[in-house]
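Positions are given from 1, in the same order as the sequence printed here. Only this structure's heavy atoms are used, side chains among them; waters, hydrogens and symmetry mates stay out.
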Amino acid sequence: MWSNAREEIMKSSKESSIYIGCDSLRNSSKNTADFSTVIILHMNSKNGCKVFHNKVTIPDFGQMRPRLLMEVQYALEAFYAIEDIVGDRRLEIHLDVNPDPRHASNVVTSEALGWVRGLGLEARIKPHSFAATSAADHCVRH
């Protein structure tokens with residue numbers, strides 16, 4: 001599924017950066033949710049980027065916590081698909097969670113951060129998680 005991303009990462013310079021994120025969109029009339037996961041390859045960490053994306057639809061019955069944790073899982077699955085070729089490139093996992101307790105996604109912020117950081121990976125949350133909040137959000141909506 002991520003073969004194109006793998007090819008481009010392998011061809012990219014060691015100065016390139018990789019950002020991975022996932023976002024979801026619930027369809028309440030069908031009791032499903034679409035999940036879009038992106039791998040962004042930022043060429044040389046200063047030139048343009050290439051965005052690779054995968055979208056899946058699964059059953060969803062309206063509970064936010066499991067859906068947000070599934071976003072983390074899909075992002076980590078994308079990481080595992082490229083883990084062996086990342087090398088010394090900068091890599092960040094972007095999470096669509098909010099540190100502000102006034103927002104619903106805050107319910108999993110510490111758990112999501114702990115999961116990703118516990119694996120030794122760098123995690124970013126709102127407002128610094130553009131791979132999830134911008135790129136994956138765009139892909140899941142279009």
Side-chain angles (χ1 to χ4, degrees), residues 1-12 15-142:
M1 158 179 18
W2 295 109
S3 58
N4 291 340
R6 288 179 58 83
E7 286 177 34
E8 293 299 323
I9 291 167
M10 287 188 284
K11 292 190 299 189
S12 72
E15 290 76 32
S16 296
S17 298
I18 301 166
Y19 308 100
I20 299 173
C22 183
D23 195 15
S24 62
L25 183 63
R26 183 168 191 278
N27 183 335
S28 57
S29 66
K30 295 182 181 179
N31 287 330
T32 60
D34 294 327
F35 290 81
S36 283
T37 308
V38 297
I39 297 176
I40 300 172
L41 176 61
H42 187 194
M43 308 305 291
N44 304 313
S45 296
K46 63 182 176 183
N47 299 108
C49 66
K50 295 182 181 188
V51 179
F52 306 91
H53 134 268
N54 184 57
K55 187 173 182 180
V56 297
T57 302
I58 64 171
D60 181 270
F61 299 100
Q63 296 177 335
M64 179 172 286
R65 182 181 186 79
R67 189 168 58 256
L68 291 170
L69 291 174
M70 186 61 73
E71 290 178 10
V72 178
Q73 170 126 3
Y74 280 127
L76 290 172
E77 286 176 5
F79 163 72
Y80 289 129
I82 64 167
E83 175 183 23
D84 61 320
I85 59 165
V86 170
D88 293 331
R89 293 172 187 87
R90 176 180 181 81
L91 178 115
E92 296 177 359
I93 305 295
H94 289 194
L95 305 171
D96 189 21
V97 297
N98 200 311
D100 187 338
R102 293 178 294 175
H103 296 275
S105 67
N106 180 263
V107 299
V108 297
T109 299
S110 61
E111 187 175 357
L113 282 170
W115 187 1
V116 174
R117 290 177 178 162
L119 296 170
L121 300 171
E122 190 168 339
R124 296 278 186 245
I125 60 173
K126 289 177 178 179
H128 307 290
S129 56
F130 60 85
T133 59
S134 293
D137 177 76
H138 176 80
C139 291
V140 80
R141 294 179 188 284
H142 298 93

Requested in this report: Start with the C-alpha distance between S12 and R89, add both sets of side-chain angles, then the distance that settles side-chain contact (heavy atoms from CB on, under 4.5 Å), and finish with yes or no.
Outcome: CA-CA 9 Å; S12 72; R89 293 172 187 87; 3.0 Å; yes
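- Residues passing the side-chain hydrogen bond (donor to acceptor under 3.5 Å, both in side chains) test with N47, sequence neighbours excluded: N44.
- Contact check for N106 versus V97: no side-chain heavy atoms found under the 4.5 Å cut-off.
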Report task. Go through L41 and S16 one step at a time and tell me if the side-chain contact (heavy atoms from CB on, under 4.5 Å) criterion holds. Result -> CA-CA 7 Å; L41 176 61; S16 296; 3.9 Å; yes
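- The closest donor-acceptor contact from the side chain of H138 to the backbone of S134 lies at 3.5 Å or more, if one exists at all.
- For the atom pair T133 OG1 and N98 CG, the distance stands at 10.0 Å (nearest 0.5 Å).
- Taken from CH2 in W2 to CD in E77, the straight-line distance is 10.0 Å, to the nearest 0.5 Å.
- In this structure, T37 contributes its side chain and C22 its backbone to no donor-acceptor pair below 3.5 Å.
- Side chains of I18 and I40 form no contact here, defined as non-hydrogen atoms less than 4.5 Å apart.
- Between M43 atom CE and I9 atom CD1 the span is 10.0 Å, to the nearest 0.5 Å.
- Panel note: side chain R6, backbone M1; no donor-acceptor pair is recorded below 3.5 Å.
- Here the shortest heavy-atom pairing between S36 and C139 reads OG-C, 3.5 Å.
- Applying the salt bridge (charged side-chain N to carboxylate O under 4.0 Å, His left out) test to K55 and every residue at least two apart in sequence or in another chain returns nothing.
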Without placing hydrogens or testing angles, list every side-chain donor-acceptor pair under 3.5 Å for residues 118-132, not counting sequence neighbours.
residue, atom, partner, partner atom, Å
E122, OE2, R90, NH2, 3.0
E122, OE2, R124, NH1, 3.4
E122, OE2, R124, NH2, 2.5
K126, NZ, D96, OD1, 3.2
S129, OG, L95, O, 3.0
S129, OG, K126, N, 3.3

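- Residue pairs satisfying the ring-ring contact (aromatic ring centres under 6.0 Å, His included) criterion with at least one member in residues 34-57, sequence neighbours excluded, are listed as follows: F35-Y74.
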Using residues 65-72 as the side-chain source, report each donor-acceptor pair under 3.5 Å to any protein atom, sequence neighbours left out, with the distance given to one decimal.
residue, atom, partner, partner atom, Å
R65, NH1, V107, O, 3.1
R65, NH2, E111, OE1, 2.2
R67, NH1, D60, OD1, 3.2
R67, NH1, D60, OD2, 3.3
E71, OE2, S24, N, 3.1
E71, OE2, S24, OG, 2.5

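- Between I82 and I39 the shortest side-chain heavy-atom distance falls below 4.5 Å.
- Remark: side-chain polar atoms of D34 are not paired, donor with acceptor, to backbone N or O of V140 under 3.5 angstrom.
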Query raised in the report: Going through the distances and angles, do R141 and L25 end up as a side-chain contact (heavy atoms from CB on, under 4.5 Å)?
Result: CA-CA 7 Å; R141 294 179 188 284; L25 183 63; 3.6 Å; yes
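- Here ring-ring contact (aromatic ring centres under 6.0 Å, His included) pairs that include residues 101-124, with residues two or more places apart or in two chains, number zero.
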Report task. Kindly determine whether V38 and D23 satisfy side-chain contact (heavy atoms from CB on, under 4.5 Å), including the steps that lead there. Result -> CA-CA 9 Å; V38 297; D23 195 15; over 6 Å; no
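- In this structure, the side chains of T57 and N27 stay at 4.5 Å or more apart for every pair of heavy atoms.
- Residue I93 holds its CD1 atom at 12.0 Å from OH of Y19, rounded to the nearest 0.5 Å.
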